[in-house]
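Below is one structure, written out as structure tokens; comments come after it.
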Amino acid sequence: MGIELNPNQREAVTWLDSPLLVVAGAGSGKTRVLTAKIAWLITETDIEPWQILAVTFTNKAAGEMVGRVRDLAGEAGEAVTAGTFHSFCARLLRRHGDTLGYSPGYSIYDESDSRTLLKRLISELGLPERSFSVGMVRARIGQAKNEMAGAGAQRWTTGNWIDEGVGRVYAAYEQALRDRNAMDFDDLLLNAVRLFEEEPAIARRYAERYRYVLVDEYQDTNRPQYLLIKSLAAVHRGVCVVGDPDQSIYSWRGADIRNIRDFERDYPDARVVVLDQNYRSTTTILGVASGLIKQNSGQHRRRLWSELGTGEPVRELVFINDEEEARGVTRIIAAKVRQERRNLYEIVILYRTNGQSRQFEHALREAGLGYTIVGGVRFYERAEIKDTLAWLRLLVNPRDTVSLARALAAPRRGIGEVSLGRILRHLAEWAGDPLDGLAAAAAVIGRGGPGLTAFVDILKRFTARLEDTAPAELARGLLEESGYLDMLAAEGTIEAEARRENLGELLSALDEYGERAGAEASLADFLAEVSLLTDIDEWEEAEPAVTLMTLHAAKGLEFPIVFMTGLEEELCPILREDTDAEALEEERRLCYVGMTRAREELYLARARRRRRWGSVLDRLPSRFLGELPSELVQTIDQLRLDPVARAGSRQRGERRTDAAMAEIPDYENENQDAPTELVPGQEVEHSILGRGRILEVSGTGEQLRLIVAFHDAGTRRLMARYARLKVL
DNA sequence: CAGTAGAACATTTTT
DNA sequence: TGTTCTACTG
């Protein structure tokens, strides 16, 4: 086979006698193993490509996998079924959803759709919105769904009125989704499971078809996903799951580490192959990352190793505030490009929350460096795109009232809040064809009647053309006739112009889809595809631009140069009232995932102060920084004239030509409020109490008070004047 | 009914 | 700080 493998990888690729668990550490070549295995199955066994199912975390990963399989095994590789759990289920339900009462044109509701619906239901049920915020209710329902608890579950009848209320909303929500022929993301998985449970013949058909099932990122599967795999593998027991417990970062979405830990219990004859050679990072980066993950309470910890040499030290960058953090990182990037001839696409900036991207955008734009953001406001979540998709969804699924409300609202046609309410109530009682019901509703509203009649007219005309017209053409016509384009043209603002451009992009996407799918092109399929797209799916890695994304989004990727930012307590790890030991370990794993994305250089940046919602907060360094092997980390503090060479790295401290140091200007003299060295986060030494870290500073001058967490002597309150601390 | 100004609120991570 | 919601006017 045209691919080089080490002995363990080879064993993973060629093992076929029993279910297989591949415990693949970061950078150990698991994608390589997965693709090689699929190619091997196709070329060396009697398993046909169409009998193979490969489940990955993103559609992009699936597409790349198929591409590589094709390179290895030829055209036949294209016939492999590959996709995310959600896209697989969506296809399954388009085919068999009728047995569960859904028609093939069912709508897939994204988060904002389901929020809209929940909001309406909460107020219809007369529940106080103070106690029943949409976010809380949605989170509780989502959690219940991930754990496969229905609206009739015990958990809602605890006697606690909040639980009870959420249960009522949940029941109403389920009913409302059914009425609208719609599913949310969780429903895709749940309904697939239900389908297999209620229709054993269908389950059997799929289990018979798929002789081999491969699952990537198995540590991040939840209960319904687990059941799906179990069901699909029930006949042939050809299963290979790949994962790494240390990279499990989705427990908040119901992912259950036990799925990977219990694999051997589920399949007693399972073969376990451990991949522990890392082909990605320098030993320094690996050493730092291992030092961190060691702090988690895993039982048997495999140590990753690499032959890629020591490389550069990992650098901790300390800035005075978040703005400087962004500017400092940008300066270093500029220097890398200018002096070291690095390409922008080799660099990624990682952060814990999407909100942190703004500062970096600013700084990068100011410096004239290109960047692409993965996440944040996504293309398909923009208002104009959602408006247009709402029209299209209405054609495919006229019962979808969430889309109806959206399409009715823009452009304005004399129908406001009151009329919309009347229309929806009218429709709820209408048993016949939804479009006729809508037409009839014109009589129950006042002045908006003619507007509604015109609306229904357009809808009917386009619905009639649904079968014989290309999706792109339908969209073009709708935008024209609904007056949406005129509305934007009338605005005449730069924003409106940008929206028109976005709509142009949407039309190109539809055109492209039409070409790709040919005669098979159906609007319903396009809409499903679009709903399940992730940010990563849209990301072009070869662009000459720095990539910005969250730590979660970075999973599975690698970059020569990685900047992790905002390494401060409360942000990374994010800490909330309900953060327990387990949640903290997940935060640590998240940090580990970030570090192990780096091939050559890793920077760990933090700010001493950070703006949040307008107010400035003092920030302590992340506890994770204190857990790293100090001999591998070099600290560069913006406040110091000289970089602090940590103990044991004197030689490195001498290297003044270092791009990082050279590019961080000296603020010592120009800083107006030159902070004393007694600032939160500062490491200090007391003659009796020993070493510690400053937590809080209050007062000034003689009255300067400190709260210091001593490593051995606990947390103490001290007057700076008497304590005579030595700054380290 | 639609548009606007000021208030209220929000940030964890995502298929 | 930036976005979304509410109350008010035309």
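Residue numbers begin at 1 in each chain, while the letters A, B, ... track the order of the sequences. Nothing here was measured: the structure is a model prediction, and the numbers come from that model.
In this structure, A/Gln143 places its CD atom 17 Å from C1' of B/dT15, rounding to the nearest Å. For the pair A/Asn59 CG and B/dT14 P, the computed distance is 16 Å after rounding to whole Å. As a whole-Å value, the separation of A/Glu217 CD from B/dT15 P is 12 Å. What separates NE2 of A/His362 from P of C/dT1 is a distance of 10 Å, to the nearest Å. Atom CZ in A/Arg138 sits about 13 Å away from atom P in B/dT15, given to the nearest Å. Separating the CG atom of A/Leu532 from the P atom of B/dT15 is a distance of 10 Å, rounded to the nearest angstrom. A/Arg589 has its CZ atom 18 Å from the P atom of B/dT13, to the nearest Å. Following rounding to the nearest Å, A/Ile373 (CD1) and B/dT13 (P) show an atom-to-atom distance of 13 Å.
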Report each atom pair, protein N/O against N/O of nucleotides 8-12 of chain B, whose distance is under 3.5 angstrom.
{"residue": "B/dT12", "atom": "OP1", "partner": "A/Arg576", "partner atom": "NH1", "Å": "3.3"}
{"residue": "B/dT12", "atom": "OP2", "partner": "A/Arg576", "partner atom": "NH1", "Å": "3.3"}
{"residue": "B/dT12", "atom": "O2", "partner": "A/Arg352", "partner atom": "NH1", "Å": "3.1"}
{"residue": "B/dT12", "atom": "O2", "partner": "A/Arg352", "partner atom": "NH2", "Å": "2.2"}

Using nucleotides 5-10 of chain C, report all nitrogen or oxygen pairs with the protein that are shorter than 3.5 Å.
{"residue": "C/dC5", "atom": "OP1", "partner": "A/Lys119", "partner atom": "NZ", "Å": "2.6"}

N/O to N/O distances under 3.5 Å, protein versus nucleotides 1-5 of chain B:
{"residue": "B/dC1", "atom": "OP1", "partner": "A/Ser419", "partner atom": "N", "Å": "3.4"}
{"residue": "B/dC1", "atom": "OP1", "partner": "A/Ser419", "partner atom": "OG", "Å": "2.5"}
{"residue": "B/dA2", "atom": "OP1", "partner": "A/Gly414", "partner atom": "N", "Å": "2.8"}
{"residue": "B/dA2", "atom": "OP1", "partner": "A/Ile415", "partner atom": "N", "Å": "3.4"}
{"residue": "B/dA2", "atom": "OP2", "partner": "A/Arg412", "partner atom": "NH1", "Å": "3.3"}
{"residue": "B/dA2", "atom": "OP2", "partner": "A/Ile415", "partner atom": "O", "Å": "3.3"}

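The gap from the P atom of C/dT4 to that of B/dT13 amounts to 15 Å, rounded to the nearest Å. B/dT11 and C/dT6 are spaced 23 Å apart, taking the C1' atom of each and rounding to whole Å.
Formation of a donor-acceptor pair under 3.5 Å by the A/Thr221 side chain with backbone atoms of A/Glu217 is not found in this model.
With sequence neighbours excluded, the residues forming a side-chain hydrogen bond (donor to acceptor under 3.5 Å, both in side chains) with A/Ser251 are A/Glu586, listed by chain and number. Listed by chain and residue number, nothing satisfies the side-chain hydrogen bond (donor to acceptor under 3.5 Å, both in side chains) test with A/Arg91 (two or more places apart in sequence, or in another chain). For A/Asn222, the side-chain contact (heavy atoms from CB on, under 4.5 Å) test picks out A/Asn146, A/Leu189, A/Pro224, A/Gln225, with sequence neighbours left out. Partners of A/Asp110 under the side-chain hydrogen bond (donor to acceptor under 3.5 Å, both in side chains) rule, at least two apart in sequence or in another chain, are A/Ser112, A/Lys386. A search for side-chain hydrogen bond (donor to acceptor under 3.5 Å, both in side chains) contacts involving A/Arg253 returns nothing, not counting sequence neighbours. With sequence neighbours left out, the ring-ring contact (aromatic ring centres under 6.0 Å, His included) criterion links A/Phe57 to A/Tyr250. In terms of the ring-ring contact (aromatic ring centres under 6.0 Å, His included) criterion, A/Phe624 has no residue partners (sequence neighbours excluded).
Applying the ring-ring contact (aromatic ring centres under 6.0 Å, His included) test to residues at least two apart or on different chains, the pairs with a partner in residues 127-146 of chain A are A/Phe132-A/Trp161. A salt bridge (Lys or Arg N to Asp or Glu O under 4.0 Å) check over residues 403-413 of chain A, counting only residues at least two apart or in different chains, returns the pairs A/Asp387-A/Arg406.
Within the 4.0 angstrom heavy-atom criterion, no nucleotide atom of any strand lies near A/Phe85.
Counted by atom type alone, A/Arg140 and A/Tyr170 present zero donor-acceptor pairs between their side chains at under 3.5 Å.
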